[in-house]
Chemist: 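Pasting a structure below so you can have a look.
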Amino acid sequence: LSVADSAKIVVQPPARASTRRHRVVIVGGGFGGLRAAKALVTAPVEITLIDRTNHHLFQPLLYQVATGVLSPGQIAPALRSLFRGNRNVNVLLGDVAGIDLERRVVRTASTGEREVPYDTLIVAAGASHSYFGRDHWAKFAPGMKTLDDAAVLRSRILLAFEMADQEPDPTRRAAWLTFAIVGAGPTGVELAGQIALLAHRVLRHEYRRAEPRQARVVLLDGAPRVLGTFAPRLSERARNALEDLGVAVTLKSEVVDIDGDGVVVSDGIGHTQRIGARTVVWAAGVQASPLGAQLAARCGAELDRAGRLHVAPDLSLPGRPEVFAIGDMISLPGVPGTAQPAIQQGKYVAQVIRARLRGEARPPSFAYRDLGSMAMIGRNQAVAELFARVGLWGLPAFLAWGAIHLAYLVGWGSRVETVARWGWTLLARNRRERLISLTGLAGAESIVRELEQTLGTSMDGHDSRSEPFEAAR
Ligand SMILES: Cc1cc2nc3c(=O)[nH]c(=O)nc-3n(C[C@H](O)[C@H](O)[C@H](O)COP(=O)(O)OP(=O)(O)OC[C@H]3O[C@@H](n4cnc5c(N)ncnc54)[C@H](O)[C@@H]3O)c2cc1C
């Protein structure tokens, strides 16, 4: 489908005699899907927004849930509540398992199999972690993509300090107090900074045997600098700020193995080193939603190595002008996999759909406007690159980071609560969300076994101390 051809296509609005309005189905209520839905609520369409979760997740602040600063609800408003006043929007909890492009139906699986018909479809299903073919690392090095992931990480991070406090052997205690983060992009950098602050400032007077100030936070990456997509001088500033917080930044080091006791890194010239760490976090690769590959197989679109779809200049699929894909699941030259492109694409496809319904020509091809990127490192420390030109660091970047994150957080309630919580965290030098959820440890069998020994009870509520006694009888 050439650009000229796709510009000519107009999807017919329903015939005058029909009472049925044009049906737009949106798969995914993340940054792209939510923005598309919001931009279409006043159009003459019926919108069905399908998501496998009941909330819109503000992923850029997930690391603050994982480190006890924010509560899950503050960054994840219920999707349904965001469309309370829009009678033409139906929010549907469902896991989309398949899309039939011929019959124009979306098939959901999680709430009993059902088909949702569409006239126009927007697929905005995002991406998940990629372990570059080593999926068995996932149970030793969880990633952070969902609220559940953040809850698991919070439990594992906080539990590590508890286990260290009860561990008499200094070597084993040191392993509990070592946190290895794989991937020095924005997520890895922000997480490393927050874990270092937690250990060295928040928890330092709270334990009697473990000494949280001795905790090691190791940030690992194969690249030569942190925040590789930022200007080199900002990377340098970020690295210095991390080191000031006590993070050991270990670059040009490829992770070659991960197990329950730590990571093995190679310097690429024949030297390998094991780092003993009971908490390893994966912040490295991403893989587009499998729905991308499914669509590619059905319409002949190409995929890149991360499984992202190549789309037409108006973000539709080749030969399928009524189906759009947006956000992290598509690949456009020079466009990063971040929130801004997803938001801009959501708005853009809404414009295309509105133009088609009015019988107007397609708006010009999608063009990404780079508003910049930023990463927060610690108290008063951040780096920001605005409009791909202006570099900020230190307090100005920290303030810009706060203002921009608040502006994009959905809902005034969440904004007010978040400001209050940030203020409290800074002033009290404490964290409000410090619950360890044992259900969050599913998958971390070796940790669960040790915890059972420490507590003398089994995770299913059975008291393991009675077993030797029972056996002796
Ligand atoms: C930890 C972390 C930190 C980040 N930090 C930043 C940052 O600081 N700045 C920045 O710009 N970007 C950041 N990003 C990236 C940014 O969040 C993404 O680029 C953005 O969310 C992409 O939007 P999207 O709409 O494509 O996908 P998402 O926002 O991921 O939304 C996808 C939605 O689809 C739903 N879904 C997926 N599959 C299905 C299915 N089969 N059926 C039904 N529903 C489905 C999901 O539940 C989800 O709600 C971060 C990402 C992560 C994970």
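Note that ligands are numbered from 1 as they come in the structure, with each ligand's atoms numbered from 1 the same way.
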Chemist: Near A124, which atoms of ligand 1 are under 4.0 Å from a heavy atom of that residue?
Modeler: 32 (C), 33 (C), 34 (O)
Chemist: Name the closest protein heavy atom to atom 27 (O) of ligand 1, giving the residue it belongs to and the distance to 0.1 Å.
Modeler: G126 CA, 3.4 Å
Chemist: Looking at V105, V323, V27, which one forms a side chain to side chain contact (heavy atoms under 4.5 Å, CB included) with Y118?
Modeler: V323
Chemist: Starting from atom 4 (C) of ligand 1, find the nearest protein heavy-atom neighbour and note its residue, name and distance.
Modeler: P60 CA, 3.7 Å
Chemist: Find all atoms of ligand 1 within a distance of less than 4.0 Å from any non-hydrogen atom belonging to G28, and give their numbers and elements.
Modeler: 33 (C), 34 (O), 35 (C)
Chemist: Heavy atoms only: which of L371, D51, D95 is nearest to atom 49 (O) of ligand 1?
Modeler: D51
Chemist: Say whether A127, considering both its backbone and side-chain N or O atoms, lies within less than 3.5 Å of an N or O atom on ligand 1.
Modeler: no
Chemist: Taking the six-membered ring of F366, is the NZ or CZ of K347 close enough (under 6.0 Å from the centre) and on axis enough (within 45°)?
Modeler: no
Chemist: Test of understanding: given a 4.0 Å heavy-atom threshold, classify the contact between A125 and ligand 1 as side chain, backbone, both, or neither.
Modeler: both
Chemist: For a 4.5 angstrom cut-off between non-hydrogen side-chain atoms, does L61 reach L409?
Modeler: yes
Chemist: Verify salt bridge (charged side-chain N to carboxylate O under 4.0 Å, His left out) between R104 and E102, making sure each step is shown before the conclusion.
Modeler: CA-CA 5 Å; R104 298 192 180 184; E102 299 305 325; over 6 Å; no
Chemist: By number and element, which atoms of ligand 1 are closer than 4.0 Å to a non-hydrogen atom of K145?
Modeler: 53 (C)
Chemist: So, Q194 versus R431: side-chain donor-acceptor pair below 3.5 Å or not?
Modeler: yes
Chemist: Flag this pair as yes if the NZ/CZ of R415 is under 6.0 angstrom from the six-membered ring centre of W412 and inside a 45 degree cone about the axis; otherwise no.
Modeler: yes
Chemist: Testing V349, I122, V352 one by one against L315 for a side chain to side chain contact (heavy atoms under 4.5 Å, CB included), which residue passes?
Modeler: V349
Chemist: Pull out every atom of ligand 1 sitting under 4.0 Å from any heavy atom of G337, numbered as shown with elements.
Modeler: 15 (C), 19 (O)
Chemist: Just which atoms of ligand 1 are under 4.0 Å from any heavy atom in G327?
Modeler: 26 (O)
Chemist: Specify the protein heavy atom at minimum distance from atom 42 (N) of ligand 1: its residue, its atom name, and the distance to 0.1 Å.
Modeler: V96 N, 2.8 Å
Chemist: Tell me whether the rings of H405 and F58 are parallel (<30°), tilted (30 to 60°) or perpendicular (>60°).
Modeler: perpendicular
Chemist: Which ligand 1 atoms, with their elements, are less than 4.0 angstrom from a heavy-atom of G32?
Modeler: 25 (O)
Chemist: Which residue and atom name correspond to the protein heavy atom nearest atom 11 (O) of ligand 1, and how close is it?
Modeler: A339 N, 3.0 Å
Chemist: In terms of the angle between their ring planes, are H129 and Y131 parallel, tilted or perpendicular, with boundaries placed at 30° and 60°?
Modeler: perpendicular
Chemist: At under 4.0 Å between heavy atoms, is it the side chain or the backbone of T187 that contacts ligand 1, or both, or neither?
Modeler: side chain
Chemist: Does some non-hydrogen atom of G94 fall short of 4.0 Å from ligand 1?
Modeler: yes
Chemist: List every atom of ligand 1 that sits less than 4.0 Å from any heavy atom of M144, numbering the atoms from 1 in the order shown and giving each element.
Modeler: 1 (C), 53 (C)
Chemist: Got the closest protein heavy atom to atom 45 (C) of ligand 1, with its distance?
Modeler: R52 CG, 3.7 Å
Chemist: Considering non-hydrogen atoms of the protein only, which is the closest contact for atom 20 (C) of ligand 1, and what is the distance?
Modeler: F31 CD1, 3.6 Å
Chemist: A quick test of your reading: do over 12 heavy atoms of other residues, nucleotides or ligands sit less than 6.0 Å from CZ of R434?
Modeler: yes
Chemist: Taking distance alone, with no angle check, do Q59 and ligand 1 share an N/O pair under 3.5 Å?
Modeler: yes
Chemist: Output the list of atoms in ligand 1 that are nearer than 4.0 Å to some heavy atom of D328, sorted by atom number.
Modeler: 18 (C), 19 (O), 20 (C), 22 (C), 26 (O)
